[in-house]
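Quick caveat: nothing in here was measured; it's all calculated off a predicted structure. Chain A is the first sequence line, chain B the second, and so forth, proteins listed ahead of strands; every chain is numbered from 1.
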Amino acid sequence: MSNSSQKKYKRTTITAALPYANGPIHIGHLAGVYIPADIYARYLRQKGEEVIYICGSDEHGVPITIKARKEGKTPQQVVDKYHDLIKKSFEEFGIAFDHYSRTSARIHHETASAFFKTLYDKGVLVEKESEQYYDEENKQFLADRYITGTCPHCGYEQAYGDQCENCGTSLSPNELINPKSVLSGNPPVKKNTRHWYLPLDHYEPMLRKWILEGHKHDWKPNVYGQCKSWIDQGLLPRAVTRDLDWGVKLPLEGFDGKVLYVWFDAPIGYISSTREWAEATGRDWEKYWKSPDTKLVHFIGKDNIVFHCIIFPTMLHTEGSYILPDNVPSNEFLNLEGNKISTSRNWAVWLHEYLKEFPGKQDVLRYVLCAAAPETKDNDFTWKDFQARNNNELLAVFGNFVNRTLVLTHKYFDGRVPAKGQITGKDAQTLEQLAQFPETIGKSLEHYRFREALSGLMNLARVGNRYLTEEEPWKLFKTDPERVQTILNVCLQVCASLAVLSEPFLPHTSGKLLKMLGMKPCKWHDGGRSNLLESGHAINKPELLFERIEEDAIQAQIEKLRVTLNNNSAGEAAKPLKETITFDDFTKLDLRTATILEAEKVPKTKKLLKLLVDTGVDKRTVVAGIAEHFNCDKLPGRKAVILANLAPRKIKGIESHGMLLMAENHDGALTFIAAEENFDNGSSIS
RNA sequence: GGCGGGGUAGCUCAGGUGGUUAGAGCGUCGGAUUCAUAACCCGAAGGUCACGGGUUCAACUCCCGUCCCCGCUACCA
């Protein structure tokens with residue numbers, strides 16, 4: 001079913017998730033998105049198919065305006081910096097986009113606002129009024145991130161309108177106590193504003209049919225499952241506009257200060273990037289997006305599944321003239337040395353730094369990240385593994401085979417491809433195996449199985465090594481030089497095929513090898529031919545394709561990460577102090593020593609325990625979010641401190657009277673606070 | 001808690017409409033070899049296929065339950 005559908009396509013449009021222009025690219029992005037997409041694109045190109053590989057920087061949205069404010073720059077300056085950095089490092093790394101654009105480009109603003117206008121004119125969008133916080137001094141509505149206030153949960157005074165960074169709770173701006181505008185410092189006022197929504201709920205039947213029925217077997221289980229989960233939970237209308245001045249302006253009269261919500265404009269960036277490319281090269285962009293014989297494929301990370309499988313397709317569908325994606329191969333996440341990659345904690349291997357620290361080793365990283373790509377589950381990148389894969393696989397299997405063959409050719413035949421003579425069974429068998437590789441590897445690629453494809457490529461080098469070792473030409477040369485000619489001819493054909501078939505995976509290596517063999521780039525299915533190199537053809541001097549990566553280079557990287565780890569924990573040890581309070585403020589708190597009498601888990605929650613506590617004054621129920629840290633059986637009898645005069649509050653239907661005090665370190669571990677001596681319950685604390 | 005994904009050799013992963021001795025690469029050990037960047041090649045050891053039930057002549061593969069990891073989501077007074 002999925003195979004027959006591939007036949008009808010005449011061209012392929014490949015998109016890779018637009019990197020957000022507020023930071024550089026790291027190995028997680030590469031392994032999950034850009035490398036697989038690049039391999040796929042290069043493969044199709046090499047097959048001679050019509051294909052475009054499109055990407056660009058995603059440059060709108062609130063986080064960029066925040067970063068700009070923090071650094072005292074304009075948002076444009078921020079995105080310029082990262083756009084340039086990202087674009088350059090992609091190029092140097094060998095990600096071969098047909099076009100890399102950016103969403104601040106004029107053509108993108110035109111495309112995105114026209115797209116919105118079409119949906120608006122068609123009556124697709126639903127208009128709704130709502131109340132939002134407004135800064136009167138600056139005369140603008142405030143994004144959630146532009147409002148700070150006191151967290152209603154933990155009392156932290158610098159909580160943001162969308163999240164409290166102290167306790168991690170996600171908030172809505174309305175929950176904040178004493179909200180303040182980040183812009184003016186004044187309390188914001190509520191004001192009516194109008195926004196447009198994409199009514200995803202209306203298109204549930206379409207999505208059900210298209211995804212749940214139509215792509216049950218050709219989409220990856222993680223993607224299909226995630227979509228099913230979303231659809232089954234019930235889709236809600238999603239706002240497509242925001243009150244902000246950084247982004248694509250609404251193409252409607254009288255709505256200054258409104259822009260398209262960044263998630264709406266970003267995927268349209270694929271389209272505008274295609275248009276920009278088409279204008280520059282004199283092509284027709286529309287067939288890549290509107291012709292039913294075009295296969296549209298989005299490469300993304302798992303955080304992006306809902307946008308690319310549900311929201312963007314709904315946009316394309318409602319617009320009316322666009323095709324929908326044929327597949328959305330999404331990868332899971334890559335961890336680094338056992339921990340989640342984190343931009344803010346600097347726990348990452350940054351591409352631009354790698355390129356500096358390992359010059360000329362683009363393909364090593366491409367190889368390692370493809371071989372260890374998180375295709376079906378999260379995976380871990382370690383520098384030890386990086387070293388091992390370079391030394392024991394790329395170098396020992398691939399590089400070594402090529403080197404052996406070329407050295408022997410120079411030694412015995414002065415660098416000229418010797419002619420084949422009598423073909424033995426082994427020769428024929430090897431050439432037969434060789435012939436199958438383009439098909440085998442190609443099939444893996446067409447099913448988005450990049451790890452499998454790469455290991456297929458390595459198998460070809462193994463075939464070569466085995467053949468060469470078994471035939472032992474170095475033993476025969478004195479007695480049977482003609483036989484050696486045949487053997488080396490066969491080995492050279494394998495090398496030639498390696499040069500051809502490695503191109504999608506290891507483009508730099510492929511280029512070097514082609515040069516060494518004196519070959520021009522070839523079509524995919526030329527790989528596998530047994531006469532790619534004519535006899536008598538002169539090859540160049542061999543150079544090493546890969547060099548050994550020594551222990552000190554690896555230790556340097558590990559040390560670099562260790563320093564990061566130290567910096568992080570040093571930084572985190574000291575959380576900034578809260579605002580100064582008066583003694584009177586303090587005396588309002590009634591803190592008491594207490595003992596836990598009973599503990600049970602609150603059903604249907606992960607973190608909540610219902611505790612019965614003896615406060616000395618009374619026995620009361622307290623709900624505490626500590627279930628992940630403490631076992632119920634171990635709690636009865638435990639001494640604690642509670643805040644006894646906190647207003648009661650219902651949590652999951654249980655009235656909680658007071659709050660259990662705990663200390664939390666930067667790893668999120670909790671510990672009890674209690675009197676060291678065995679004091680009576682109800683002793684007051686001051 | 002709900003939903004989704006995953007739990008298979010020391011490591012990274014394949015696998016199967018249920019059916020002979022569960023596969024690969026790397027690592028380890030042994031052998032062979034010297035053309036080659038101490039590389040290649042051959043061989044071996046290594047797994048109760050997370051755990052407990054059930055269906056079946058037969059389950060790692062199907063069903064039910066439990067546990068663990070990841071993501072989304074609810075919850076942290």
Starting from the 5' end of RNA chain B, give me the residue, A:Lys302 or A:Leu408, whose nearest nucleotide shows up first.
-> A:Leu408
Contact nearer the 5' end of RNA chain B, comparing A:Thr376 with A:Ser229 = A:Ser229
Dot-bracket line, read 5' to 3' along RNA chain B, where crossing pairs take [ ] and | marks a partner on another strand, Watson-Crick or G-U under 3.5 Å = (((((((..((((.....[...)))).((((.........)))).....(((((..]....))))))))))))....
Syn-anti status, with the boundary at 90° from 0, for the nucleotide B:G7 = anti
For A:Trp230 and B:U73, give me the distance from atom CH2 to atom P, rounded to whole Å.
-> 7 Å
Say you pick atom P in B:A14 and the same atom in B:G2; how far apart are they, in whole Å?
-> 27 Å
Listed partners of A:His308 passing ring pair (Phe, Tyr, Trp, His ring centres under 6.0 Å), at least two apart | A:Tyr270, A:His298
Taking C-beta and beyond as the side chain, do A:Asn222 and A:Glu332 meet within less than 4.5 Å on heavy atoms?
-> yes
Would you check if A:Ser497 and A:Leu460 make a side-chain contact, meaning some heavy-atom pair closer than 4.5 Å?
-> yes
Nearest to the side chain of A:Glu332, which nucleotide is it out of B:C13, B:A36, B:G5?
-> B:G5
Candidate nucleotides B:A36, B:C26, B:G6, ranked by approach to the side chain of A:Asn400 - the nearest | B:A36
Validate the cation-pi geometry between A:Lys220 and A:Tyr448: distance from NZ or CZ to the six-membered ring centre under 6.0 Å, angle to the ring axis within 45°.
-> no
Do we see a donor-acceptor contact under 3.5 Å between the side chains of A:Asp427 and A:Tyr467?
-> yes
Taking only side-chain nitrogens and oxygens of A:Arg451, does any of them come within less than 4.0 Å of OP1 or OP2 of B:A14?
-> yes
